[in-house]
There are 2 protein chains.
Amino acid sequence: MTYTIKDVAKKANVSIATVSRIVNNQTGYSEKTKKKVLQAIEELGYHPNAIARGLINKRTHTIGVLFPELSSMLVTDILNGVENAAHEAGSSVIVCHTKSKTMNYLRLLNEKRIDGIIFTSEILTNEYYEYIKKMNVPLVLLATESYAHPVPYVKVSDTHAAYSATQYLIKHGHNQIGMISGNKNDKVAGYLRITGFKNALNDYNIPFTEDQIAYCKGFRYQDGIDGLEMLIKKSPNLTAVFAASDEMAIGAIFKAYKLGIKVPEELSIIGYDNLKMAAMSIPPLTSVAQPLYEMGEMAVKMIFNMLENNQAVESRIMPHQIVDRESVIKRETN
Amino acid sequence: MTYTIKDVAKKANVSIATVSRIVNNQTGYSEKTKKKVLQAIEELGYHPNAIARGLINKRTHTIGVLFPELSSMLVTDILNGVENAAHEAGSSVIVCHTKSKTMNYLRLLNEKRIDGIIFTSEILTNEYYEYIKKMNVPLVLLATESYAHPVPYVKVSDTHAAYSATQYLIKHGHNQIGMISGNKNDKVAGYLRITGFKNALNDYNIPFTEDQIAYCKGFRYQDGIDGLEMLIKKSPNLTAVFAASDEMAIGAIFKAYKLGIKVPEELSIIGYDNLKMAAMSIPPLTSVAQPLYEMGEMAVKMIFNMLENNQAVESRIMPHQIVDRESVIKRETN
DNA sequence: TTGTATGCGTTATCAG
DNA sequence: CTGATAACGCATACAA
């Protein structure tokens, strides 16, 4: 049996209005009735019905977070941060993995009258944007950004992070550096990281040719394997490689291993993401870290901010950081 | 602006009852009014309010899934399966990572009047059980089971799976086999897997002493590192090791590497879980696979079954399977 | 075939 | 300080 406010009222011999006041600890009742009511609540094991509340308050204390694929290794950390921050703010999170039916989910979330939406990684199409705009709920982009629409985002600067990774390699004495890139047409993870890579080379007066970049289909393990193969075919003398994701970096390490190339002795490799997995590879992977967990937290904070102040909020560029492990070696400059 | 059924009714010149009938496609209206109403809905971009519906129907089309820690690498696959099956059934899933505040979450889920609960990995305490029982919603255990409470579960047989792993090693010519175990006091992942290991040894007449097992604190990477160290100290002549999780197996591989022990040439290692990561280690890890995704799907199917038929449902033992990679070598029997 | 009215469990606005 | 009572958006029994 599940009790209602009416049951409590009856048991405590007061009106439901009074119970409501006490439950929401507003003012307007004596200590005595409060005791009485609290006791009734306790005895009945009463819990307010959040559904009924939502109907009135127009707040469901639920936010939706969309991932393009839940199986990506990035999501656990992000989701962890999101979930944590949301729970601390008294909200829950509905996860949606939008394998090609994003609009479906958007409709569902709309009907559920969620309080806000966090949109991850995936590109925000016009259709999505317009629909969410109509829903009239706060939206923030996480680990992605939109050039076409004025939507606040939280992410690392891909360009700067890629620059840092490359610079790290350079400062370790490398000047024959290649990059295993993800999809070149990916406006953010693809293009921006390539730009960062080139900028670093340029700033340190290291000549660049297209042979130094292998363009892959995606950012996965297999892409890293393929990428390294392509890369060393084009540029056999590389001493260091920047991979655009940890998965790719680990794929590259594997390929190097198969090819008898020693990492890091003969080839240094730096990754991007700093997944849990990075610490578990052989050798442990040096990587530029995105503060995934914190980014998740930040995104929900931004949502709540927009909710409370009912106004736009500023985008956040989160700090990246290189975490030193063992896949990059210092090279004697000769 | 977000419209209500009233707006639609007004625009179509009918009563809200008629609109309701059409929206829920029941019978009792003419084709003509249907057209009219549908058009009004279309023009307004009306979507029924799931909150209001939930208040009446006592179904929120939302289920909660609890994980002890979202950062564990097991969750992505499970969550993926859960989320998929739920969405196909028209429901959404709220994720909760119950880092030491499970009761909190349970209360929240209760207030939100979710339709069912999936409880993962963690042990179902008396307190949790009693509370959920009072909530009066379907509960299924995922990748765990309860001896104390009559709750349906879906999982692999840990004993059988561990037996299979050990048998696999034996059939590859090994008879000096060790095990890196997780927490011995863990009733399911700990104890059951140890039992399976011992049973296999016994069935094949391979002598067993306690020196063949390293008991670790948990099932993580670091535990695997520590575990292998302990194990070879106690039993230096091992040719094969069964690790109770992939993370541990990969930790063990790392430790072996540090110790100059070649895997698999000098030491074969088999893991448990078949995480994505298993395919990415060097060498790629042979592992006994739990069908995590399918288990997730199955769990929600069971929930909906209980919901519809309003009765208990049978537990499911899912098939495990050894996926052959390169971390176990065939040994000449001399 | 259609409309009216009631209730789902709350909150909030009034009076008292 | 307290209690009726009207919403909230919808579904449904009952009338018409």
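Not measured: the values here are computed from a predicted model. Scope of the values below: all heavy atoms of this structure, side chains included, with no hydrogens, waters or symmetry mates.
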Query raised in the report: Going 5' to 3' on DNA chain D, which nucleotide is the first and which the last to come under 4.0 Å of a heavy atom in chain A?
Result: D:dC1 to D:dG9
Query raised in the report: Is it true that a side-chain atom of B:Lys112 and a backbone atom of A:His61 form a donor plus acceptor pair closer than 3.5 Å?
Result: yes
Query raised in the report: Does some side-chain heavy atom of B:Met318 sit less than 4.5 Å from a side-chain heavy atom of B:Val154?
Result: yes
Query raised in the report: So do B:Thr102 and B:Pro68 actually touch side chain to side chain, heavy atoms under 4.5 Å?
Result: no
Report summary line: When rounded to whole Å, the OH to P distance for the pair B:Tyr29 and C:dT1 reads 10 Å
Query raised in the report: Is a side-chain N or O of A:Thr98 found less than 3.5 angstrom from the main chain of A:Leu66, in a donor-acceptor match?
Result: no
Contacts under 3.5 Å, N or O only, protein and nucleotides 8-11 of chain C:
{"unit_1": "C:dC8", "atom_1": "O3'", "unit_2": "B:Lys58", "atom_2": "NZ", "d": "3.3"}
{"unit_1": "C:dG9", "atom_1": "OP1", "unit_2": "B:Lys58", "atom_2": "NZ", "d": "3.3"}
{"unit_1": "C:dT10", "atom_1": "OP1", "unit_2": "A:Tyr46", "atom_2": "OH", "d": "3.0"}
{"unit_1": "C:dT10", "atom_1": "OP1", "unit_2": "A:Asn49", "atom_2": "N", "d": "2.9"}
{"unit_1": "C:dT10", "atom_1": "OP2", "unit_2": "A:Ile5", "atom_2": "N", "d": "2.5"}
{"unit_1": "C:dT10", "atom_1": "O5'", "unit_2": "A:Tyr46", "atom_2": "OH", "d": "3.4"}
{"unit_1": "C:dT11", "atom_1": "OP1", "unit_2": "A:Asn24", "atom_2": "OD1", "d": "3.1"}
{"unit_1": "C:dT11", "atom_1": "OP1", "unit_2": "A:Asn24", "atom_2": "ND2", "d": "3.1"}
{"unit_1": "C:dT11", "atom_1": "OP1", "unit_2": "A:Arg53", "atom_2": "NE", "d": "2.7"}
{"unit_1": "C:dT11", "atom_1": "OP1", "unit_2": "A:Arg53", "atom_2": "NH2", "d": "3.3"}
{"unit_1": "C:dT11", "atom_1": "OP2", "unit_2": "A:Ser20", "atom_2": "OG", "d": "2.8"}
{"unit_1": "C:dT11", "atom_1": "OP2", "unit_2": "A:Asn24", "atom_2": "ND2", "d": "3.4"}

Query raised in the report: Less than 4.5 Å apart, any side-chain heavy atom of B:Phe119 and any of B:Cys96?
Result: no
Query raised in the report: Which part of the nucleic acid, if any, lies within reach of B:Thr33 when heavy atoms closer than 4.0 Å are counted: base, sugar-phosphate only, or nothing?
Result: sugar-phosphate
Query raised in the report: Taking side chain as C-beta onward, heavy atoms only, is B:Pro291 less than 4.5 Å from B:Val156?
Result: yes
Query - side chain to side chain donor-acceptor pair (under 3.5 Å) partner of B:Tyr293, chosen from B:Asn80, B:Asn84, B:Asp77 - result: B:Asn84
Report task. Flag the pair A:Glu145 / A:Ser315 as yes when at least one side-chain heavy-atom distance between them is below 4.5 Å, and no otherwise. Result -> no
